[in-house]
Protein chains: 2
Amino acid sequence: MFTIGKLAGLTGVSNDTLRYYEQEDLIRPADKSPAGYRLYDQESARRIHFIKHAQACGFTLAEIRELLMLRGLDQACCGDVRTRAIEKKLQIEQKIRAMRAMSRALDHLIEDCADETKPVKECAIIAALERANLSAPIQSP
Amino acid sequence: MFTIGKLAGLTGVSNDTLRYYEQEDLIRPADKSPAGYRLYDQESARRIHFIKHAQACGFTLAEIRELLMLRGLDQACCGDVRTRAIEKKLQIEQKIRAMRAMSRALDHLIEDCADETKPVKECAIIAALERANLSAPIQSP
DNA sequence: CTGGACCCTGGAGTATACTCCAAGGTCAAG
DNA sequence: CTTGACCTTGGAGTATACTCCAGGGTCCAG
């Protein structure tokens, strides 16, 4: 059994974050000392690692709360967890597609700008941003 | 000259958003009616389009405020805008890389789960999330 | 027994980009 | 003149994941 500072050191998150996770129902101290200090054990550390790794996979704390609940349920099965992982992957791929669209839009803008020394009045990038269709190429006069 | 509702209809953003943009120094009405109504012109519409397209490229409102400033400056040149576009593209590519890492981590988890019907106690995904190294494959016993 | 390191609670603040609301004034049609 | 659509301001609320703070208690070494 160790206090919050030890768990923080062990897991690499701050005391404040641990208390915040408790407030968010992600973790509960294994026990409390007579003085009211939070006391944790190895399972607490595993739980925090779980949270950190799930975050690194893109899960939000709300989703992680669910995963942790599944983890504790006897009747839950591996498939429940797998389903969530697959769903999250789809969400992430979706986001990646959105960002690639941004990246492409920026490419067009950057290409459009042939001459860096032109004054802004004639800036192709600015003109393109004012136009309706971002991906349309510039018209030659 | 038209009122806020017309500009909203013309540009596809809400009245509230237009007022919010004003508060954020992104746009100012061209004029005010005697009753204090905001009045806008074609340049206002161009400005809002500019904002929307810049957002679609991933720029934040704070960054767009800067772009709009450049747009109004005589001494600014096309290169200033281009630099910002290139910078933003790098940021976005960075984010895409981070998300691809998440996607890959999820792939490992999904792969690890060979049998969906297993109880959570033996769930490989949950075990992997508790482990330190997410990308490490499961050890055979 | 004192100093410093640690812990507690409750609440406020951060960033981003809106969105909604109340209470009230304005305008044009019928 | 009334009705309904429109406009005004100012302020609060949303989501996410923390972070920081004040004011106070606890614990242990020297």
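The sequence lines fix the lettering, A, B, ..., with proteins before strands; numbering per chain opens at 1.
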- prompt: Does a nitrogen or oxygen in the side chain of B:Asn15 sit under 4.0 Å from OP1 or OP2 of D:dC6?
  reply: no
query: Taking only side-chain nitrogens and oxygens of B:Arg38, does any of them come within less than 4.0 Å of OP1 or OP2 of D:dC7?
result: no
query: Does A:Arg84 make a cation-pi contact with A:Phe59, if we ask for NZ or CZ under 6.0 Å from the ring centre and within 45° of the axis?
result: no
task: Please report, rounded to the nearest Å, how far the P atom of D:dG10 is from the CG atom of B:Asp16.
output: 14 Å
- prompt: NA contact type, B:Ser33, heavy-atom cut-off 4.0 Å: base, sugar-phosphate, or nothing?
  reply: nothing
query: Are B:Arg71 and B:Glu43 ion-paired here, with the side-chain N under 4.0 Å from a carboxylate O?
result: yes
- prompt: So does B:Lys32 get a side-chain nitrogen or oxygen closer than 4.0 Å to the phosphate oxygens (OP1/OP2) of D:dT9?
  reply: yes
message: Once you apply a heavy-atom cut-off of 4.0 Å, does A:Gln55 come out as touching a base, just sugar-phosphate, or nothing?
response: sugar-phosphate
field: Interface limits on DNA chain C, where chain B has a heavy atom under 4.0 Å of a nucleotide atom
entry: C:dA17 to C:dC27
query: Does B:Glu93 pair with B:Arg97 as a salt bridge, N-O distance under 4.0 Å?
result: no
Atom-to-atom span, CD of B:Glu22 to P of D:dG10 - whole angstrom: 11 Å
field: Any residue meeting side chain to side chain donor-acceptor pair (under 3.5 Å) with B:Asp41, in chain and number order, not counting sequence neighbours
entry: B:Ser44
field: With A:Leu10 via side chain to side chain contact (heavy atoms under 4.5 Å, CB included) - residues at least two apart
entry: A:Phe2, A:Ala45
message: Please compare A:Ala35 and A:Arg19 by the position of their nearest nucleotide in DNA chain D and report the one closer to 5'.
response: A:Arg19
- request: Could you please spell out the steps behind the salt bridge (charged side-chain N to carboxylate O under 4.0 Å, His left out) verdict for A:Arg19 and A:Asp16?
  value: CA-CA 5 Å; A:Arg19 281 187 283 256; A:Asp16 273 339; 3.4 Å; yes
